[in-house]
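Remember, predicted model here, so these are calculated numbers, not experimental data. Lettering of chains follows the sequences in order, A, B, ..., and the numbering in each one begins at 1. Quick note: numbers below take in every heavy atom, side chains included, and nothing from hydrogens, waters or symmetry partners.
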There are 2 protein chains.
Amino acid sequence: MADSFTLGTVEVSLSPQERFEEFLQSRGKRITQQRRVLVEHIFRRHEHFDADELTDELGRRDISPRVSRPTVYRTLSELVDAGLLRKFEIGGRSVYEHDYGYPQHDHMHCQTCNKLYEFSNDELAQLRDRVAREYGFRVTGHRFIITGICQKCRAAQQQRRKRPVDLV
Amino acid sequence: MADSFTLGTVEVSLSPQERFEEFLQSRGKRITQQRRVLVEHIFRRHEHFDADELTDELGRRDISPRVSRPTVYRTLSELVDAGLLRKFEIGGRSVYEHDYGYPQHDHMHCQTCNKLYEFSNDELAQLRDRVAREYGFRVTGHRFIITGICQKCRAAQQQRRKRPVDLV
DNA sequence: ATTTATGCAAATCCTTTGCAAATCT
DNA sequence: AGATTTGCAAAGGATTTGCATAAAT
């Protein structure tokens, strides 16, 4: 995330793949087929996802290497450590999103369709730091999720309300 | 305690116990010994807790009635529905706190000692509503958790850093 | 040649559920 | 009496772990 704000450093020019390899080497860990495939797959598109989706997509396919569930979990955890992914819990399960090279943002969670929407607001971090300072708390991050019903679902509810009978 | 924030309504005069009984009756549910014990126990002190703690404290004691784990879970869920408790997930497990008659607030989570600290800030809700309006999102609530290291743990770290050798 | 990583199966942890017995109204 | 609740044991779902084999340095 912050790398896009620290222009001029080495990090900004590295792809997620390269950044992860750097991280692995710095820890004496190995660059394996499955770690490569996972990073490639995860950073192919910017979306929220969970361990189960990855296992479905990479765990039972013809192309090798296949990636097993334990490896998915182990690698996700490394990617979080490496600062490439951010993890958070929604409804008892872990959801991940890109962190590396992606600007700071927060979320709105629609309790009807279960979608996560992103937004960013500069004031929030300021407010956060102000509060923390007041308590002598050293901030490493925050999680702000607005829960409610998104525009789309609200519109759908309106529709339903207007009809005399629900035909479904 | 916090009842003083909704002056003038009927609710303010009801204790959590009474409020829960009202809720149960409105749904044709029964006022049982274990539900009574749970509410009494939970609202005895204002703290964060989880299902496991309750089971430990009420599940294996001499005083009857004892409360089983399933009943703890079932009742917690009713208390959330009744608006007496608020539930949220931290580190994969559900944590509960008083909601009824307690003023809106947010949290700081210390990743060292794992404690939750409360704070409240008026600007936050305003910021939230402003953002939501912008997206046509209907707000039902939010979750704001600042993560980091609390003053106490920071002090402890300082101590350790100063010593020539860690004797533990 | 070593050492780390993987995949399998099984274990864990938290939470939920089916069902007979106990408890409310 | 009649319906809801309870507790038990067992099931569930997500995540983690032990260990033998495979892969990377």
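Contacts classified as ring-ring contact (aromatic ring centres under 6.0 Å, His included) and involving residues 17-39 of chain A (residues at least two apart or in different chains) are not found.
Considering only heavy atoms from C-beta on, B/F43 comes within 4.5 Å of B/L84 through its side chain. Two residues are said to be in side-chain contact when any heavy atoms from C-beta on lie closer than 4.5 Å; B/H98 and B/L85 meet this criterion.
When the nearest nucleotides of DNA chain C are assigned to A/P70 and B/R36 by heavy-atom distance, the more 5′-ward of the two goes with A/P70.
The line from CD of A/E123 to CZ of A/R130 is 8.5 Å long, rounded to the nearest 0.5 Å.
Atom CZ in B/R74 sits about 11 Å away from atom P in C/dG18, given to the nearest Å. Separating the CZ atom of B/F49 from the C1' atom of C/dC14 is a distance of 16 Å, rounded to the nearest angstrom. One can place CZ of A/R35 at 6 Å from C1' of C/dA5, the figure rounded to the nearest angstrom. The distance between atom CZ of A/R93 and atom P of C/dT16, rounded to the nearest whole Å, is 14 Å. Atom-to-atom, CG of A/L58 to C1' of C/dT6 comes out at 15 Å; the value is rounded to the nearest Å. If you measure from atom CG of B/D52 to atom C1' of C/dC13, you get 9 Å, rounded to the nearest angstrom. In this structure, A/D50 places its CG atom 15 Å from P of D/dG13, rounding to the nearest Å. Atom C1' of nucleotide D/dT15 and atom CG of A/L54 are separated by 14 Å, given to the nearest angstrom.
Each of B/R44, B/R45, B/R66, B/R69 was evaluated against B/E57; a single residue qualifies, B/R45, per the salt bridge (Lys or Arg N to Asp or Glu O under 4.0 Å) test.
Within residues 77-91 of chain B, no residue is approached by DNA chain C to less than 4.0 Å at the level of any non-hydrogen atom. DNA chain C is contacted by A/K29, A/R30, A/T32 of residues 23-32 of chain A, taking any non-hydrogen atom closer than 4.0 Å.
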Name every donor-acceptor pair, under 3.5 Å, that has one atom in a side chain of residues 71-80 of chain A and the other anywhere in the protein, sequence neighbours excluded.
{"from": "A/T71", "atom 1": "OG1", "to": "A/S68", "atom 2": "OG", "distance (Å)": "3.2"}
{"from": "A/T75", "atom 1": "OG1", "to": "A/T71", "atom 2": "O", "distance (Å)": "2.8"}
{"from": "A/E78", "atom 1": "OE1", "to": "A/R35", "atom 2": "NH1", "distance (Å)": "3.0"}
{"from": "A/E78", "atom 1": "OE2", "to": "A/K29", "atom 2": "NZ", "distance (Å)": "3.0"}
{"from": "A/E78", "atom 1": "OE2", "to": "A/R35", "atom 2": "NH1", "distance (Å)": "2.7"}

Under 3.5 Å, side-chain donor or acceptor atoms of residues 106-116 of chain A against the rest of the protein: list the pairs with distances, not counting sequence neighbours.
{"from": "A/D106", "atom 1": "OD1", "to": "A/H142", "atom 2": "NE2", "distance (Å)": "2.9"}
{"from": "A/H107", "atom 1": "NE2", "to": "A/H48", "atom 2": "NE2", "distance (Å)": "3.3"}
{"from": "A/H107", "atom 1": "NE2", "to": "A/E97", "atom 2": "OE1", "distance (Å)": "2.8"}
{"from": "A/H107", "atom 1": "NE2", "to": "A/H105", "atom 2": "NE2", "distance (Å)": "3.4"}
{"from": "A/H109", "atom 1": "NE2", "to": "A/N114", "atom 2": "OD1", "distance (Å)": "2.8"}
{"from": "A/Q111", "atom 1": "OE1", "to": "B/T140", "atom 2": "OG1", "distance (Å)": "3.1"}

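Contact between the side-chain N/O atoms of A/S94 and the OP1/OP2 oxygens of D/dT15 is found at a separation under 4.0 Å. Phosphate proximity of C/dT15 to B/Y73: present, with a side-chain N or O under 4.0 Å from OP1 or OP2. One finds a side-chain N or O of A/Q34 lying less than 4.0 angstrom from the OP1 or OP2 phosphate oxygen of C/dG7.
Note on B/R66: only backbone sugar-phosphate atoms sit closer than 4.0 angstrom, heavy atoms only; bases stay farther off. If you check every strand for non-hydrogen atoms under 4.0 Å, A/R69 touches a base.
One axis for each end of the helix from C/dA1-D/dT25 to C/dT25-D/dA1, each built from five base pairs, and the angle between them comes to 30° at 10° resolution.
A/Y102 and A/E118 share a side-chain donor-acceptor pair at under 3.5 Å.
Picking from C/dT15, C/dT6, D/dC8 the nucleotide with the shortest atom distance to the side chain of B/S68 gives D/dC8. Among D/dT15, C/dG7, D/dT6, the nucleotide with an atom closest to any side-chain atom of A/V67 is C/dG7.
Other residues, nucleotides and ligands contribute over 12 non-hydrogen atoms within 6.0 Å of the CZ atom of A/R143.
The two residues B/F49 and B/E47 come nearest to each other via the heavy atoms CD2-O, 3.4 Å. The two residues B/R19 and B/A82 come nearest to each other via the heavy atoms NH2-O, 3.6 Å.
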Step by step, would you call A/R133 with A/D129 a salt bridge (Lys or Arg N to Asp or Glu O under 4.0 Å)? CA-CA 6 Å; A/R133 194 172 310 123; A/D129 294 340; 5.6 Å; no
